[in-house]
Amino acid sequence: MSCIFLIRHGEVEGNYGPERSFTGWGDKPLTPRGEAQAQAVAGRLAREPLKAIYSSDLQRAHATAAAIAAKHGLEVVDDRALREVNYGLWEGLGDKQLLEEWGDLWRRRVADPQNVAPPEGESYADLWKRLEPAWTRILQAHPDETVAIVGHNGSLRLLLCHLLGAPASNARHIRLMNTSISSVENERNPMETGTSRLVITGINDTCHLAGI
């Protein structure tokens, strides 16, 4: 049985406060609090038998992954396919501004993120076309090992929806805080000999953030 830890990156500007904004391919650094969160999740995973650490190539994810990797003597494997959804012209905007400037398209996007893309950006169908092959490669490379994947709010929520068999529009019903840990196990299927199944064993674990 393998275990895959799914970790959202540490905090960046726009992830907090009363008027949060969308950060997709914008390459923002971690805030000081985000750096502290990265160290906290690294400490939380320090005793896990990690064999590999994969990350989005955006610096907020890579920096979080590097903190985890340092506890295990591993190198981070950056993969562009693990990036956040591309928000295109909506990069850096928040809900209020989107409603004011892109009201009709924004409402359509919220209702059907699978098929509706921001201008010059990606739909969730576009995101899944690049994310699913990367996910499959990681599973195949580590059939009986424990690994970590550091990614983003949108991309990880979409992955969890696919694992649950839920529509992409349900992603908004999943909360993933900065440096939260979700876990997936690839276990033997007791119903079919010689087969395995993916089982979600935890979502949004933030116990390591107490006091930050």
Side-chain angles (χ1 to χ4, degrees), residues 4-12 14-17 19-26 28 34 37 41 54-58 60-61 64 79-99 102-136 138-139 148-185 197-206 209:
I4 304 95
F5 292 110
L6 306 175
I7 302 128
R8 186 186 175 193
H9 61 78
E11 180 187 87
V12 299
N15 287 164
Y16 58 92
E19 295 188 12
R20 290 175 291 177
S21 58
F22 291 95
T23 303
W25 286 14
K28 294 181 179 180
Q37 292 170 338
V41 74
Y54 295 86
S55 174
S56 156
D57 64 338
L58 296 172
R60 58 190 184 275
T64 304
D79 191 335
R80 183 184 177 91
L82 299 175
R83 281 188 176 194
E84 178 62 296
V85 64
N86 183 356
Y87 286 111
L89 297 183
W90 291 355
E91 181 76 29
L93 304 183
D95 286 334
K96 182 179 179 180
Q97 193 171 0
L98 285 168
L99 280 170
W102 301 88
D104 181 60
L105 183 58
W106 172 237
R107 292 184 183 90
R108 287 168 49 208
R109 165 73 169 188
V110 171
D112 186 13
Q114 178 70 11
N115 298 301
V116 179
E120 300 182 19
E122 292 179 311
S123 66
Y124 274 3
D126 297 325
L127 169 58
W128 188 242
K129 285 179 183 178
R130 61 176 166 84
L131 180 60
E132 190 276 335
W135 169 249
T136 299
I138 293 170
L139 287 178
I149 299 174
V150 181
H152 302 269
N153 191 34
S155 57
L156 293 179
R157 290 191 301 177
L158 179 62
L159 174 58
L160 289 169
C161 281
H162 274 272
L163 294 177
L164 289 167
S169 57
N170 280 15
R172 281 181 162 255
H173 297 289
I174 299 174
R175 175 171 292 173
L176 296 180
M177 305 297 288
N178 291 111
T179 67
S180 64
I181 302 171
S182 300
S183 51
V184 179
E185 292 184 358
R197 61 184 181 184
L198 295 174
V199 178
I200 298 172
T201 55
I203 295 177
N204 197 41
D205 177 0
T206 58
L209 297 179

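For the numbers below, each heavy atom of this structure counts, side chains included, while hydrogens, waters and symmetry mates do not. None of the values given here were measured: they were computed from a predicted structure.
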Student: Scan residues 82-94 for pairs that pass salt bridge (charged side-chain N to carboxylate O under 4.0 Å, His left out), counting only residues two or more places apart or in two chains.
Tutor: Asp57-Arg83
Student: Could you tell me if the side chain of Val184 sits less than 4.5 Å from the side chain of Phe5, heavy atoms only?
Tutor: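 The answer is no; the side chains never approach within 4.5 Å.
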Student: Using a 3.5 Å distance criterion without hydrogens, assess whether the side chain of Glu185 forms a donor-acceptor pair with backbone atoms of Thr201.
Tutor: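 No, the answer is negative, given that no donor and acceptor are paired below the 3.5 Å cut-off.
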Student: Do Tyr54 and Ile138 come close enough that some side-chain heavy atom pair is under 4.5 Å?
Tutor: yes
Student: Flag the pair Val85 / Ser123 as yes when at least one side-chain heavy-atom distance between them is below 4.5 Å, and no otherwise.
Tutor: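 No, side chains not in contact.
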Student: Specify the closest pair of heavy atoms between Thr64 and Gly10, including all atoms of both residues, with the distance to one decimal.
Tutor: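 That would be OG1-N, 3.0 Å.
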Student: Please report the interatomic distance CG(Leu160) to CG(Leu163), rounded to the nearest 0.5 Å.
Tutor: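 It comes to 6.0 Å.
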Student: So, for Leu93 and Leu89, which heavy atoms are closest and what is the spacing to 0.1 Å?
Tutor: CD1-O, 3.9 Å
Student: Do Arg20 and Asn15 touch side chain to side chain, with heavy atoms closer than 4.5 Å?
Tutor: no
Student: Apply ring-ring contact (aromatic ring centres under 6.0 Å, His included) to Trp128 and list each qualifying residue two or more places apart in sequence or on a separate chain.
Tutor: His162
Student: Roughly how far, to the nearest 0.5 Å, is the CG atom of Leu98 from the NZ atom of Lys96?
Tutor: 12.5 Å
Student: Below 4.5 Å, heavy atoms only, C-beta onward: do Leu127 and Ser155 meet side chain to side chain?
Tutor: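 When only atoms from C-beta onward are counted, Ser155 and Leu127 do touch, with a gap below 4.5 Å.
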Student: Checking the side chain of Ser56 only, and the main-chain atoms of Ala61 only, is there a donor and an acceptor separated by less than 3.5 Å?
Tutor: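 No, because the side chain of Ser56 does not come within donor-acceptor range (under 3.5 Å) of the backbone of Ala61.
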Student: With a 4.5 Å limit on heavy-atom distance, are the side chains of Ile149 and Ile7 in contact?
Tutor: no
Student: What pair of heavy atoms forms the shortest contact from Asn178 to Leu209, and how long is it?
Tutor: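 In this case the closest contact between Asn178 and Leu209 is O-CD1, 3.3 Å.
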Student: Can you give the donor-acceptor pairs under 3.5 Å from side chains of residues 166-175 to other protein atoms, not counting sequence neighbours?
Tutor:
none

Student: After noting the C-alpha distance and the side-chain angles of Arg108 and Asn115, does the key distance pass the side-chain contact (heavy atoms from CB on, under 4.5 Å) rule?
Tutor: CA-CA 9 Å; Arg108 287 168 49 208; Asn115 298 301; over 6 Å; no
Student: For a side-chain contact (heavy atoms from CB on, under 4.5 Å) check, start with the C-alpha distance between Arg109 and Trp90, then their side-chain angles and the critical distance, and finish with the verdict.
Tutor: CA-CA 12 Å; Arg109 165 73 169 188; Trp90 291 355; 3.8 Å; yes
Student: Looking at Gly92 and Ser21, what are the two nearest heavy atoms and their distance?
Tutor: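 Gly92 and Ser21 have their closest heavy atoms at O-CB, 3.3 Å.
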Student: For the aromatic rings, using the six-membered ring if either is Trp, is the centroid distance between Tyr87 and Trp106 under 6.0 Å?
Tutor: no
Student: Side-chain contact, heavy-atom cut-off 4.5 Å: Glu132 with Leu159?
Tutor: no
Student: Could you check whether Arg80 makes a cation-pi contact with Trp25, meaning its NZ or CZ is under 6.0 Å from the centre of the six-membered ring and within 45° of the ring axis?
Tutor: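 Yes, Arg80 sits over the ring of Trp25.
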Student: Where do Ser180 and Thr206 land on the side-chain hydrogen bond (donor to acceptor under 3.5 Å, both in side chains) test, with the steps shown first?
Tutor: CA-CA 5 Å; Ser180 64; Thr206 58; over 6 Å; no
Student: Check the pair Arg130 / Glu122 against salt bridge (charged side-chain N to carboxylate O under 4.0 Å, His left out), numbers first and verdict last.
Tutor: CA-CA 11 Å; Arg130 61 176 166 84; Glu122 292 179 311; 2.8 Å; yes
Student: Does Leu6 form a side-chain contact (heavy atoms from CB on, under 4.5 Å) with Ile203? I'd like the steps, not just the answer.
Tutor: CA-CA 9 Å; Leu6 306 175; Ile203 295 177; over 6 Å; no
Student: Please tell me if the side chains of His9 and Asn153 come closer than 4.5 Å, counting only heavy atoms from C-beta onward.
Tutor: no
Student: Val41 and side-chain contact (heavy atoms from CB on, under 4.5 Å): which partner among Ile181, Asp205, Val150?
Tutor: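 By the side-chain contact (heavy atoms from CB on, under 4.5 Å) criterion, Val41 pairs with just one of Ile181, Asp205, Val150: Ile181.
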Student: Consider side-chain contact (heavy atoms from CB on, under 4.5 Å). Of Leu176, Ile200, Leu156, which one does Ser182 pass it with?
Tutor: Leu176
